[in-house]
Amino acid sequence: MTQPPRVRFAPSPTGSLHIGGARTALFNWAWARRNGGTFLLRVEDTDRERSTQAFEDAILDGLKWLGIDWDEGPDLGGPFAPYRQSERLERHRELAAKLLEEGASYRCFCSSERITKLRDEQRASGQNPAYDKTCRGLERAVSEARAAAGEPFVQRFRVPEGSTTFADDVRGTVTFPNADVDDWIMVRADDTPTYNFVVVCDDADMQVTHVLRGDDHLTNTPKQVLLYRALGLEVPGFAHLPLMLGKDGKKLSKRTGDTALQDYRDKGYPPEAVVNFLCLQGWALDDHTEIFSTDELVANFSPKDVGKSGASFDPEKFLWMAGEYLRNDSLERVTHRCAPFVVAAGLMTVAEVEERKDWLAEAVASERERIHLYSELPARIAYLFEDDAELTWQDAALKNANKHAGAADTLASYLAWLRPRLVAPLDKDALRVSSREWAAEHSLKIPALFQPLRLVLTGAAGGPDFFDVMSLLGPERCAARIEAGIARLGAG
RNA sequence: GGCCCCGUCGUCUAGUCAGGCCUAGGACACCAGGUUUUCAUCCUGGCGACGGGGGUUCAAAUCCCCCCGGGGUCACCA
């Protein structure tokens with residue numbers, strides 16, 4: 001290994017962070033961390049119309065949420081500041097002027113109307129749309145004179161003959177015939193530089209050694225490689241990551257569903273699960289490991305191991321993975337992360353969450369194996385917040401209870417026995433055992449007691465062990481629910 | 001359409017570079033059992049793929065050719 005790699009993630013703040021972009025960032029970051037390299041962030045905000053500070057903030061926030069940190073960036077600064085493309089305009093112009101001076105690029109006075117017409121005609125006659133190089137042969141004096149006279153022009157790159165080859169860690173050696181590369185525009189008529197131009201200027205200035213980015217940039221690469229050479233710069237290594245596809249097999253787009261990272265955050269996905277799942281789209285730790293930590297990613301990731309084919313996003317597996325993380329994480333952290341959703345659902349206030357932290361943790365513990373996302377908790381524990389006399393009974397639960405004749409009497413009899421044993425804190429294990437004994441002594445099958453009991457305590461057909469529920473409810477509310485239930489069952 | 005890329009269970013993938021260890025492994029989903037007071041978790045088992053056709057070879061998911069299918073890209077967007 002030579003120098004530690006310098007890699008970058010360069011989002012444009014024209015929208016929220018896309019999960020495909022998040023994966024690209026993640027791979028870049030992992031590669032840098034694995035090799036003791038540098039991971040930098042550069043904001044590509046050259047599209048002044050659509051770029052906003054709010055999007056930039058949201059993108060950085062999303063990366064942080066995933067646990068990605070960076071060594072240089074718009075917020076941190078660094079040795080190659082500024083890290084916002086719009087702030088590097090002078091440097092871009094300097095390099096553009098140099099290229100023009102050297103003849104590596106040329107002024108093109110063709111109007112955009114002419115170009116559009118040309119393209120239409122080419123397409124109509126079955127040709128490939130490309131600039132016809134009308135201005136390529138303009139003599140320097142003529143070019144200078146027309147520019148001096150105020151005639152508008154763009155600056156085009158003079159693509160040489162031959163072919164362009166570059167190394168790609170994912171695809172191997174890639175070669176494009178230069179004949180297929182258009183004399184592309186570097187600087188627009190309004191004197192602003194275009195993406196393919198600035199990306200090279202900035203990557204070169206920031207001494208980026210490896211460019212890992214989406215596959216959709218593959219055809220831009222020969223243009224950029226040619227530019228590096230024209231600038232007399234060393235060409236970096238590339239790795240074009242296969243695109244993440246939607247269910248329809250097409251490139252994920254904002255239209256086909258939840259592609260914004262923020263959506264997953266809002267939905268209550270654990271960020272660790274998001275990281276893990278994203279990695280699995282195109283990369284695998286080995287032949288059998290599904291769940292792995294960020295540390296394991298960092299210890300093993302290489303762009304050379306990324307697959308070539310696109311991956312269709314599978315929401316079901318994603319949900320499963322979220323559940324895995326939720327079940328295996330510490331109770332404290334799961335509780336902490338569930339709390340905002342409990343508050344948002346109106347079940348508890350922020351103050352209550354703080355005061356009854358242990359109680360909430362107990363509630364989380366009672367339900368965590370039944371949920372996949374933090375956001376699913378409120379609905380599962382809502383029954384604990386209901387009025388004891390008017391608990392909502394689900395049909396399935398009532399049906400189960402009614403399977404047993406004399407359910408109301410059974411409950412009444414059980415409550416008489418239970419009441420003195422309802423204390424706080426509850427010895428759940430002891431009560432579970434003795435309750436079963438009670439049922440046996442009264443010649444009752446276990447379900448004949450427990451199904452009616454589940455109905456009156458939770459109102460649901462399924463749910464946690466109800467000695468957990470009793471503990472959560474506390475002695476008074478527990479008794480109140482059973483009493484109310486007996487009355488309701490008897491009346492029904 | 002031109003150029004480029006990709007093609008292993010429905011999905012994510014291991015295996016392809018260095019042909020035999022692959023009667024193709026793991027995971028999600030699905031199905032069937034087991035555990036459990038219920039639901040869920042968990043455990044066991046099952047279902048299920050080398051896109052097709054030709055070669056090369058003693059031997060091909062792996063190498064070659066053709067076909068088919070899918071995708072990306074062709075802006076004074078990034």
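Numbered from 1 within each chain, the chains take letters A, B, ... in sequence-line order. Computed from a predicted structure; not experimentally measured.
Taking 4.0 Å as the cut-off between side-chain N and carboxylate O, A/D202 and A/R8 do not count as a salt-bridged pair. No salt bridge links A/E113 with A/K117; every basic N to acidic carboxylate O contact stays at or beyond 4.0 Å.
Among residues two or more places apart in sequence or in another chain, the side chain to side chain contact (heavy atoms under 4.5 Å, CB included) test is passed with A/C279 by A/L26, A/F27, A/V275, A/W283, A/F292, A/L297. When the ring-ring contact (aromatic ring centres under 6.0 Å, His included) test is applied to A/H372, no partner is found at least two apart in sequence or on another chain. Judged as a side chain to side chain contact (heavy atoms under 4.5 Å, CB included), and not counting sequence neighbours, the contacts of A/R107 are A/L100, A/F109, A/S143, A/E144, A/A147, A/F153. Contacts of A/D190 classified as side chain to side chain donor-acceptor pair (under 3.5 Å), with partners at least two apart in sequence or in another chain: A/T192. Scored by the ring-ring contact (aromatic ring centres under 6.0 Å, His included) test, A/F385 finds A/W359 as partners (sequence neighbours excluded).
Taking every side-chain heavy atom of A/R370 into account, B/C39 is the closest of B/C76, B/C12, B/C39. Listed nucleotides B/U13, B/C76, B/G1 differ in distance to A/A311; the shortest reach to its side chain belongs to B/U13.
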Show the distances under 3.5 angstrom between N or O atoms of the protein and N or O atoms of nucleotides 45-48 of chain B.
none

Collect all protein-nucleotide pairs involving nucleotides 62-72 of chain B in which both atoms are nitrogen or oxygen and the distance is under 3.5 Å.
{"residue": "B/G72", "atom": "OP1", "partner": "A/K251", "partner atom": "N", "Å": "3.4"}

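Of the residues in residues 448-461 of chain A, A/F450, A/R454, A/A461 come within less than 4.0 Å of RNA chain B through at least one heavy atom, sorted by number. At a non-hydrogen distance threshold of 4.0 Å, A/R171 from residues 161-173 of chain A come into contact with RNA chain B.
Nucleotide B/C3: paired with B/G72 (Watson-Crick or G-U wobble, both distances less than 3.5 Å). Across all strands shown, B/U23 remains unpaired; no Watson-Crick or G-U wobble contact has both distances below 3.5 Å.
Counting non-hydrogen atoms under 4.0 angstrom, A/D190 reaches nothing in the nucleic acid.
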Solution key, residues 301-321 of chain A side-chain donor-acceptor pairs under 3.5 Å, sequence neighbours excluded:
{"residue": "A/S302", "atom": "OG", "partner": "A/K304", "partner atom": "N", "Å": "3.2"}
{"residue": "A/D314", "atom": "OD1", "partner": "A/E316", "partner atom": "N", "Å": "3.1"}
{"residue": "A/K317", "atom": "NZ", "partner": "A/E290", "partner atom": "OE1", "Å": "3.0"}

Review point. How would nucleotides 16-34 of chain B be written as a contact map, 5' to 3', with B for base contact, S for sugar-phosphate-only contact and - for no contact, using protein heavy atoms under 4.0 Å?
Key: ---------BBBBS-----
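Judged as a side chain to side chain donor-acceptor pair (under 3.5 Å), the pairs with a partner in residues 438-461 of chain A (not counting sequence neighbours) are, in order, A/H404-A/Q451.
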